[in-house]
Amino acid sequence: MPRKPPQSKPQKTAVVAFKVEGELADLHNKSAFIRKAIEARLGMACPLRNGKGVVPRGVHYHYAAVIDQNNLHQCDGCGSELRLPLDPGALDAEPRQRLEQFFHGGPLYCDGCYDKPPTCDGCGWHIAPELTAEHYRQAHHD
C-alpha cells in the first residue's frame, strides 16, 4: 500500500512587527510570549478547560445551569443587580462598552450610573473618584 505524503502545517501568511524594549527582545520564545500577551489582553482563559474552549457535552449541561443561576453582579454605583450577558458581542455599542470595562477588570455600572463617574484619561474607563488611585495602580502601572 502506498504511503501518504506527510501533511504540512498550514502556512502563516501574515507578519506582525513592532518595536520593543531591549529586555523583551532578548526573550528566547518571543512567539509564545506574544501569543500569551494577546490572549491576556483579550480575556482570561477558561478555568474549567484551561483555555481549550470546548467541554464535553455533560460538563456543558452541568455548568450551563450553574452559570445561568449565578450570572448576576451588583452595579458598583447603586447596587442594583445586573444580569451579565454571555455574549457581549451581540449588544449595542454603549452597553457593550460598559460591560467590556467590567469584563476587563473594571467596575460594572448599570445604564443609569455609567455616565456619572468621570472617565480615566489613560483608558477611558468610567472610574468613581474614590477608586481612581487603585485603578491607576492596577491598570496603568509601569
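Since the model is a prediction, treat every value here as computed from it, not as a measurement. Numbering starts at 1 and runs along the sequence shown.
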* With a cut-off of 6.0 Å (strictly less than), are more than 12 heavy atoms of other residues, nucleotides or ligands near CG of N70? ->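 Yes, enclosed.
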Specify the closest pair of heavy atoms between [X] and [Y], including all atoms of both residues, with the distance to one decimal.
{"X": "C78", "Y": "C110", "result": "SG-SG, 3.9 Å"}
{"X": "R83", "Y": "L72", "result": "CA-CD2, 3.7 Å"}
{"X": "P129", "Y": "P118", "result": "CD-CD, 4.0 Å"}
{"X": "P107", "Y": "D76", "result": "CA-OD2, 3.1 Å"}
{"X": "F103", "Y": "P85", "result": "CZ-O, 3.9 Å"}
{"X": "H140", "Y": "G122", "result": "CE1-C, 3.8 Å"}

Please tell me if the side chains of [X] and [Y] come closer than 4.5 Å, counting only heavy atoms from C-beta onward.
{"X": "D111", "Y": "R98", "answer": "yes"}
{"X": "H104", "Y": "W125", "answer": "yes"}
{"X": "L84", "Y": "F102", "answer": "yes"}
{"X": "D92", "Y": "Q97", "answer": "no"}

Tell me whether Q101 contacts the main-chain N or O of L108 through its side chain, where contact means a donor paired with an acceptor under 3.5 Å.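 Such a contact is absent between Q101 side chain and L108 backbone.
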- Message: Which residues pass the ring-ring contact (aromatic ring centres under 6.0 Å, His included) test with H126, not counting sequence neighbours?
- Response: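 Scan of H126 (ring-ring contact (aromatic ring centres under 6.0 Å, His included), adjacent residues dropped) gives Y114.
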If hydrophobic clusters are built by linking Ile, Leu, Val, Met, Phe, Trp and Tyr wherever their side-chain heavy atoms come under 4.5 Å apart, do L82 and Y109 end up in the same one?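 Different clusters.
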